[in-house]
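Chain naming here is simple, since letters A, B, ... match the order of the sequence lines and numbering starts at 1 in each.
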Amino acid sequence: MSKTYDHHAIEVKWQAYWEEHRPFRAVEDASGPKFYCLDMFPYPSGSGLHVGHLEGYTATDIVSRYKRMKGFHVLHPMGWDAFGLPAEQYAVKTGIHPAMTTAQNIATFKRQMKRVGLSYDWERELSTTDHDYYRWTQWIFLQLFKRGLAYVAEVPVNWCPALGTVLANEEIVDGKSEVGGFDVIRKPMRQWVLKITAYADRLLDDLSLVQWPTSTLEMQKNWIGRSIGAEVEFGLAGIHGRIRIFTTRPDTLFGATYMVLAPEHPLVDAVTAPDRRQAVEAYRQAAARKSDLQRQELEKEKTGVFTGGYAVNPVNDERLPIWIADYVLLGYGTGAIMAVPAHDARDWAFAKTYALPIREVIAGGDVEKEAFVETEQGTVINSTTPDGRFSIDGLAPVDAIPKITAWLETIHKGRKSVNYKLRDWLFARQRYWGEPFPILWVEGQPKPIPEEQLPLVLPETTNFTPSGNGESPLANLEDWLSTTDPSTGKPARRETNTMPQWAGSCWYYLRFIDPKNTRQLVDPSKEQYWMPVDLYIGGSEHAVLHLLYSRFWHKVLYDIGVVTTLEPFKKLVHQGIVLGEDNQKMSKSRGNVVNPDEMIDRFGADAVRLYEMFMGPLEAMKPWSTRGVEGVTRFLERVWRLMVNEEGRLSAAIVSSTPNLEQQRILHQTIKKVTEDIEDLRFNTAISQMMIFTNEMTKLEHRPRSLIEPFVLLLSPFAPHITEELWAVLGHHPSISQHPWPEFDPALTVSDRLTIPVQINGKLRGRIEVGANAGRQEIEALARQEAAEWLQGKVPKKIVYVEKKLVNFVV
RNA sequence: GCGAGAGUGGCGGAACUGGCAGACGCGCGAGACUUAGGAUCUCGUGGGCAACCGUGGGGGUUCAAGUCCCCCCUCUCGCACCA
């Protein structure tokens with residue numbers, strides 16, 4: 001195998017040069033614009049980097065290198081989201097401390113990243129497991145606690161017996177734990193919870209401030225799930241009390257024919273009639289036994305039982321039977337609904353099953369066949385109070401909603417109300433390998449540890465097995481556990497929970513700005529200089545949780561004056577998944593995993609980088625092709641031969657003569673295309689333009705230096721090693737990364753000759769060549785000649801002429 | 001079911017506001033240089049013998065549709081009884 005250039009030698013050489021001279025160090029310098037270019041930092045797993053990581057990292061690296069050459073001060077850092085379950089599970093199995101495993105994995109990741117030539121400012125490297133880092137994670141928690149945004153609550157949690165821990169809703173997929181696929185049951189437990197719901201409106205509204213993919217914005221909106229409606233109070237027949245319900249459709253209040261409480265609703269006992277008690281109790285127990293998975297499987301079949309109690313509709317004093325059914329959820333709204341089978345699909349299905357009445361109050365559909373749920377169409381009917389003093393009849397539903405809501409307020413039976421799907425964030429984990437809570441329990445009350453005593457360091461141990469009673473392995477460490485309250489001297493017990501992995505990744509982008517600061521989380525002047533993150537690239541698996549949690553913390557930090565931007569991440573892009581060569585998702589069991597180290601060994605880092613970007617659009621899911629890597633390798637070899645001879649010296653083909661106009665044009669078109677494509681993250685088409693340029697240059701016997709040198713600069717963000725070497729061969733001092741980006745002359749990007757297609761009835765019939773300044777008359781005359789054969793003397797009905805673009809004869 | 005996005009050669013993919021469909025690369029074919037080539041270079045490569053036909057399918061708007069409008073099909077991602 002003969003190589004025209006030795007990628008291994010060149011890459012090692014220039015990586016050593018960068019290591020020594022640090023051209024990628026970020027500096028705060030008011031003299032120039034800044035650009036903060038961030039990758040989602042990885043969890044350093046045992047299997048090392050995969051080619052999917054590399055896609056996003058290469059993209060941000062190209063942008064960072066490009067921006068530096070454009071004169072920006074660029075912050076391009078990397079770190080490690082290193083707390084987490086895999087290292088802990090490994091520790092349980094082997095007894096090896098998670099810190100050891102983590103350190104080894106980080107070393108591997110870092111080595112691989114350096115091999116790829118990623119231009120990080122390594123002086124800012126951080127790990128969420130560093131004491132100096134999680135000190136500030138704990139500090140943020142204390143601020144949340146002080147503001148009442150962190151509280152302890154007895155909440156039904158997802159308990160996973162196999163993992164011996166509680167899981168967040170987000171860590172459960174199809175009723176099983178996301179990690180391991182174990183069964184999960186519901187169980188009440190005392191837990192730390194963060195009040196993210198207090199920020200629901202801001203989290204929703206401020207999405208208008210960011211440039212994010214529409215799908216991600218939609219997912220965040222759906223997750224927050226704001227819905228505007230009304231709370232309405234229904235009296236109870238025969239007993240004291242009332243049922244509060246939430247509805248988005250108060251316009252259908254006259255159509256309510258029964259009520260439903262969630263099985264766990266506290267009012268169930270009070271409304272249940274003695275003869276129904278047994279049936280109700282049986283149903284409640286059955287519902288409690290159902291796991292989330294079973295509830296989903298039974299989605300189609302609606303079940304419930306009648307309680308024997310009745311509620312009274314406030315608009316017409318009708319008695320409505322009260323049922324319990326598990327299609328009503330305790331956790332949403334008030335855990336109770338009015339059922340309007342005519343205009344709600346779920347109520348309709350339930351009413352059909354139990355032969356409950358269906359009363360139409362919006363005309364426009366056929367409620368015997370299906371529920372009519374439109375609000376934009378239809379007319380309200382049968383909706384006048386018995387005394388005739390209030391009516392919404394004849395209105396469109398959208399107009400009836402505010403009218404009846406306002407009326408309910410005047411009679412003190414209801415009010416406008418907003419509900420969210422978003423729940424408070426269950427923040428505690430029963431694990432060892434996480435940030436300890438800076439909290440002491442004194443006489444049953446949580447007390448924050450004084451800030452100056454942070455960090456509260458994770459104690460050493462060799463036993464990583466969960467305590468088994470729902471507490472973390474920290475509960476086994478008696479010496480650490482028992483302490484005294486520093487302010488009162490009273491005995492205290494430490495909180496044994498640790499924080500979830502999300503905690504550390506919620507704010508790492510801020511610490512990169514000022515990673516060594518011992519006095520503050522971040523220096524305010526540096527924060528003002530670098531924030532917000534201008535470009536953030538990472539996987540779409542974080543479209544909701546990480547991005548929502550970060551935004552929440554950021555807003556809290558904004559409120560306490562630590563940050564000055566409302567949103568942390570201005571522009572966000574998700575790189576697509578890289579599939580195996582067989583078009584299937586890469587997995588060890590399929591054996592289709594592509595190893596980046598192997599690819600770099602064979603083809604070099606530049607070729608791998610280039611291929612990662614040439615595969616297709618950044619956001620698209622696309623298969624790996626090793627043939628494709630060979631293709632871009634050929635391209636790099638052609639570039640090399642363009643200017644280097646067989647002895648490795650500057651080729652005699654490189655001349656100092658002035659290029660002709662046509663040659664200048666291809667250069668300037670290339671500069672324009674590559675520049676614009678990098679700005680829009682369209683790296684695949686930028687590369688194809690550089691291939692076109694290279695193909696043109698290959699044809700030339702004499703290659704003017706003034707064409708070749710700017711081209712090497714254009715290629716350098718994509719293939720930084722080979723271009724450093726070429727830059728040196730061309731007689732320049734390193735580093736090419738510090739040389740200004742070439743500019744294009746717009747006048748030189750357009751040709752002086754135009755090829756105009758000639759169409760007849762929209763079908764292509766020929767082409768004509770004209771000068772760039774040719775006018776309509778000249779072009780039309782030529783086009784007529786070109787089309788004469790097809791026109792056969794017929795006179796065109798119409799001639800469509802598009803300026804410098806096309807002529808079309810309509811006959 | 002709801003929400004978002006996407007369907008273009010043998011393959012990955014180009015085509016910014018409607019204006020030459022298939023750039024660039026892979027693969028394939030032919031040739032050149034060679035003892036040799038799985039190196040390199042050159043040429044060709046959507047289908048069809050042709051007229052013509054071609055961007056998931058069917059309608060429509062337009063001088064002109066991959067691009068705009070309506071209906072349908074398929075795939076990917078997310079949510080999943082949220083009242």
Using the [atom1] atom on both, measure [N] against [M] and round to a whole Å.
{"N": "B/C68", "M": "B/C28", "atom1": "P", "answer": "37 Å"}
{"N": "B/G22", "M": "B/G44", "atom1": "P", "answer": "14 Å"}
{"N": "B/C43", "M": "B/C26", "atom1": "P", "answer": "14 Å"}
{"N": "B/U55", "M": "B/G7", "atom1": "C1'", "answer": "9 Å"}
{"N": "B/A23", "M": "B/A14", "atom1": "P", "answer": "13 Å"}
{"N": "B/G31", "M": "B/G48", "atom1": "C1'", "answer": "27 Å"}
{"N": "B/C75", "M": "B/G25", "atom1": "P", "answer": "34 Å"}
{"N": "B/G54", "M": "B/G9", "atom1": "C1'", "answer": "10 Å"}

Mind checking ring-ring contact (aromatic ring centres under 6.0 Å, His included) for [X] and listing every partner two or more places apart, or none if nothing turns up?
{"X": "A/Y611", "answer": "A/W624"}
{"X": "A/W212", "answer": "none"}
{"X": "A/F350", "answer": "A/Y258, A/W323, A/Y327, A/Y354"}
{"X": "A/H574", "answer": "none"}

Summarise how protein sits on nucleotides 4-12 of chain B as a single string, 5' to 3': B when a protein heavy atom is under 4.0 Å from the base, S for sugar-phosphate-only contact, - for no contact. SS------B
If I take atom [atom1] in residue [X] and atom [atom2] in nucleotide [N], what distance separates them, rounded to the nearest angstrom?
{"X": "A/I678", "N": "B/C16", "atom1": "CD1", "atom2": "P", "result": "20 Å"}
{"X": "A/L547", "N": "B/G78", "atom1": "CG", "atom2": "C1'", "result": "14 Å"}
{"X": "A/F350", "N": "B/C81", "atom1": "CZ", "atom2": "P", "result": "16 Å"}
{"X": "A/K763", "N": "B/C20", "atom1": "NZ", "atom2": "P", "result": "15 Å"}
{"X": "A/M691", "N": "B/C24", "atom1": "CE", "atom2": "P", "result": "10 Å"}
{"X": "A/H343", "N": "B/C81", "atom1": "NE2", "atom2": "C1'", "result": "19 Å"}
{"X": "A/E619", "N": "B/G13", "atom1": "CD", "atom2": "C1'", "result": "15 Å"}
{"X": "A/Y327", "N": "B/G1", "atom1": "OH", "atom2": "P", "result": "21 Å"}

I'd like to know if the side chain of A/D677 pairs up with that of A/T685 as donor and acceptor (distance under 3.5 Å, no hydrogens or angles considered).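 Side-chain D/A pair, A/D677 to A/T685: present.
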A/Q689 versus A/T670, side-chain donor and acceptor atoms under 3.5 Å: yes
Donor-acceptor pair, distance only, cut-off 3.5 Å: does the side chain of [X] make one with the backbone of [Y]?
{"X": "A/T257", "Y": "A/P357", "value": "yes"}
{"X": "A/N684", "Y": "A/M615", "value": "no"}
{"X": "A/D606", "Y": "A/L636", "value": "no"}
{"X": "A/R244", "Y": "A/V232", "value": "no"}

Apply the syn/anti split at 90° from 0 to B/G9 and say which one it is. syn
Proximity to the side chain of [X] - top-ranked nucleotide from [options]:
{"X": "A/L764", "options": "B/A83, B/C20, B/C52", "value": "B/C20"}
{"X": "A/M219", "options": "B/G78, B/G19, B/A83", "value": "B/G78"}
{"X": "A/S688", "options": "B/G3, B/C81, B/A23", "value": "B/A23"}
{"X": "A/N684", "options": "B/G13, B/C20, B/A83", "value": "B/G13"}
{"X": "A/R641", "options": "B/A83, B/G19, B/C41", "value": "B/C41"}

Ring centre gap for A/F711 and A/F693 strictly below 6.0 Å: yes
Residue met sooner reading RNA chain B from 5', once A/A336 and A/T698 are mapped to nucleotides: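 Taking each residue's closest nucleotide, the earlier one in sequence belongs to A/T698.
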Of A/N695 and A/L330, the one whose closest RNA chain B nucleotide lies more 5':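 Going by which nucleotide is closer to the 5' end, it is A/N695.
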Taking salt bridge (charged side-chain N to carboxylate O under 4.0 Å, His left out) as the definition, give me every residue that meets it alongside A/R703, ordered by chain and number, with sequence neighbours left out. none
Using salt bridge (charged side-chain N to carboxylate O under 4.0 Å, His left out) as the criterion, list what pairs up with A/E696, not counting sequence neighbours. A/K699
Sugar-phosphate only, base, or nothing, as touched by [X] at under 4.0 Å among non-hydrogen atoms:
{"X": "A/R767", "value": "base"}
{"X": "A/P617", "value": "sugar-phosphate"}
{"X": "A/R765", "value": "sugar-phosphate"}

What residues form a side chain to side chain donor-acceptor pair (under 3.5 Å) with A/E581, not counting sequence neighbours?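 Counting only residues at least two positions away or on another chain, A/E581 forms a side chain to side chain donor-acceptor pair (under 3.5 Å) with A/T626.
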Taking it one step at a time, do A/D424 and A/T197 satisfy side-chain hydrogen bond (donor to acceptor under 3.5 Å, both in side chains)? CA-CA 6 Å; A/D424 277 342; A/T197 51; 2.6 Å; yes
Quick test of your reading: applying salt bridge (Lys or Arg N to Asp or Glu O under 4.0 Å), list the pairs with at least one residue in residues 622-636 of chain A, sequence neighbours left out, ordered by first then second residue. A/E55-A/K622
Should A/R682 be listed as having a side-chain N or O under 4.0 Å from OP1 or OP2 of B/G13? no
Report each atom pair, protein N/O against N/O of nucleotides 26-30 of chain B, whose distance is under 3.5 angstrom.
unit_1 : atom_1 : unit_2 : atom_2 : d
B/C26  : OP1    : A/R634 : NE     : 3.0
B/C26  : OP1    : A/R634 : NH2    : 3.0
B/G27  : OP1    : A/R627 : NH1    : 3.4
B/G27  : OP2    : A/R634 : NH2    : 3.2

Fill in the dot-bracket string of RNA chain B, one character per base: . for unpaired, | for a pair to another strand, ( ) or [ ] for pairs within the strand, taking Watson-Crick or G-U pairs under 3.5 Å. (((((((..(((......[....)))((((((.......))))))((....))..(((((..]....))))))))))))....
Return the polar atom pairs (N/O with N/O) between nucleotides 61-68 of chain B and the protein under 3.5 Å, or none.
unit_1 : atom_1 : unit_2 : atom_2 : d
B/C63  : O2'    : A/N808 : ND2    : 3.2
B/C63  : O2     : A/N808 : ND2    : 2.6

